[in-house]
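Structure first, commentary second.
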Amino acid sequence: MNETTNSNFESDVYYPSQNTIDEAHCKDYESMYKESIRNPEAFWGKIAAEFYWSKIWDKVIDDSNPPFYKWFTGGKTNIVFNAVDRHLKTWRRNKLALIWESEDGEVRTYSYFALNREIVKFANILKSMGVERGDIVTIYMPRIPELVFAMLACAKIGAAHSVVYGGFSVEALAERIEDAESKVLVTADGGFMRGKLINLKEIADEAISRQGTIEHVVVIKRTGQEIHMENGRDYWYHDLIKLPVVNQSCETESLDSEEMLFILYTSGTTGRPKGIVHTHGGYMVYTATTLKYVFDLKDEDRYWCAADPGWITGHSYIVYGPLLNGATSFMYEGAPNYPYPNRWWKMIENYGITILYTAPTAIRGLMRFGNAWPNRHDLSSLRMLGSVGEPINPEAWKWYYNTIGQERCPIMDTWWQTETGGFMITPLPVTPLKPGSATLPFFGIEVDVVDTDGNPVQNGEEGILVVKKPWPSMLRTIYKDPERYKTQYWNRFGTMYEAGDSARKDKDGYIWVIGRLDDVIKVSGYRLGTAEIESALVSHSAVAEAAAIGLPHEVKGNTIHAYVLLKAGQTPSEQLAEALRHHVGHEIGPIAKPEKINFVEVLPKTRSGKIMRRLLKARALGLPEGDKSTLEE
Ligand code: WTA
């Protein structure tokens, strides 16, 4: 909750215990950080050398064409060599890679050996459907193990994946498939959410009918509900795995370091989502290293990142980061409070989870149910906690620290983005913590808080958060739109990456992220663009114009409020408001549904015709309206 986040700016400090320091991979942040900044090539080169490369790179950082930076150029590898294949040659072959629990309590486990078998099968299926190196496969799935297999299968054969979050709906899916020009879609008959069936396949069918690229659909049976299967286009996964070709071996392709691993669409300022491009080499090195040092990952750990694999947090820290470290990763299909608010705590006890990484919205949601639910469970296995997605308000931080971590577990408040690929500003286990601050930059990362001219602001003053040097897992471009990549992130400050967030820095150099500066709203940690919501509203036949804003919400952080101008002849009503909310849910997804629809006669605009969302927000919150000189009368 942005309003309260920094209220106790520079207040309490929580120091790590001696035990935490003794155990930590890095005991001296400052000297390792200095080293990484003094000589980044040597620093990253040394770390990268711990991975398997079929050919060693010529250059660690290629900055000959900024802002199109490249890493480990001339090198050849595949993230799957390092996330799966190399573990098969060690004792980790029989270690659990993935433990999965479904919402109704079914458990499935996969050793690295078993994981590899599933990936090989999936890879052979994709190949038999004509998927080739460089193609983009769209994956639209519930939170089930096959989602992970499909991602890794793509990477293995050199295809890129584009995972579309299973909570998205028709238009969101259609425009992502279209932009990626995917010929193959991997989906499921449906999913479960709080015991309810979600009709994923029906949504997929409608999305496919809105665009023309999909030739084949692989369908996983998850719910068993009746669905439409289009002859010659749709194939059941459980039928495909019976094909002889599926049981053949499958080589992991050796790829150029800079070949595309995935695109992940994310919301920006304009209506069209941006396809953020990540590549094999740099992303591999950075996600593995950040996870190792920040959560102090060890072979004995049972690590749980409670995000959805369909968002960057899941890509980097459910799938790739843990597997690259040979870790055991836990994944849970459903809602945190299903069927009761002790679900998470019960699973932590059952599986002996040692690291929990989640979002402030989930913490606040569970905090509401009180201490009795967690207190009924043995949470003593936990040793590290994490937070991501939005600033964590100190109240939630303290509850997480005291009640869940029992004052024993440091909280890693990690600031990063889809674009950054991995943690950027984050404590290490040895870092003294201040509730509400993401603390200090990770190795190799130089950040600052600047004014609109790019000059550093005074300590304690609000400014624009920038990253001053390239890093291995940075986005390479926006898919098919390099111009937009340049203008979006590099136009204002030239050589400094503009993250789109505002922040403050305190006297100890700690960064306090405040929130987005652009028209991006974080709802329950999910990133949505006002423009997408507005265009969904306007696509309804009754709507002439619409504006969407985010207003603070106790649990979700923000919720969407929409202002709607109806077409002539339409009358405002409760039913119409409900129909509009439903329409947005159908087009984008339930998370994008406005909490409230306000029918208005006029929208405040600038003389150049831009909606002044800032003014709508100030009015809704009863705050001063600020500068209105550009307002059209
Ligand atoms: C916000 C999620 C404060 C921020 C990994 C950023 C945070 C956006 C934090 C990226 C944090 C993420 N403290 N704010 N620890 N982590 N954010 O792309 O506004 O979904 O720009 O990536 O989330 O959201 P995205």
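One-based numbering, in listed order, for ligands and for the atoms of each.
Between the side chains of R194 and N337, at least one donor N or O lies within less than 3.5 Å of an accepting N or O. A donor-acceptor contact under 3.5 angstrom links the side chains of W490 and Y485, judged on distance only. S182 and T138 share a donor-acceptor pair across their side chains, judged by distance under 3.5 Å alone. Residues Y265 and D179 bring a donor and an acceptor atom of their side chains to less than 3.5 Å of each other. Checking E419 against T266 by side-chain atom types alone, no donor-acceptor pair falls below 3.5 Å.
Without hydrogens or angle criteria, K593 side chain to V584 main chain gives no donor-acceptor distance under 3.5 Å. At distances below 3.5 Å, not a single donor-acceptor pair connects side-chain atoms of W71 with backbone N or O atoms of S473.
For atom 3 (C) of ligand 1, the choice among A438, P391, A307 with the nearest heavy atom turns out to be P391. Considering only non-hydrogen atoms, atom 6 (C) of ligand 1 lies nearest to D501 out of T418, D501, D413. For atom 14 (N) of ligand 1, the choice among E390, R516, H315 with the nearest heavy atom turns out to be E390.
Atoms of ligand 1 found under 4.0 Å from any heavy atom of V513, numbered from 1 in the order shown, are 3 (C), 14 (N). Near V388, the atoms of ligand 1 lying under 4.0 angstrom from a non-hydrogen atom of the residue are 5 (C), 16 (N). The atoms of ligand 1 that sit less than 4.0 Å from any heavy atom of T313 are 5 (C). Heavy-atom contacts of R527 reach the following atoms of ligand 1: 10 (C), 18 (O), 20 (O), 24 (O), 25 (P) (cutoff under 4.0 Å).
The 12-atom threshold is not exceeded at NZ of K70, counting heavy atoms of other residues, nucleotides or ligands nearer than 6.0 Å.
The protein heavy-atom contact nearest to atom 16 (N) of ligand 1 is G389 N, 3.1 Å. Remark: minimum distance from atom 8 (C) of ligand 1 to any protein heavy atom is reached at K522 CE, 3.4 Å.
Ligand 1 lies within reach of W416, whose nearest heavy atom is under 4.0 Å from it.
Only the backbone of T414 comes within 4.0 Å of ligand 1, judged by heavy-atom distances.
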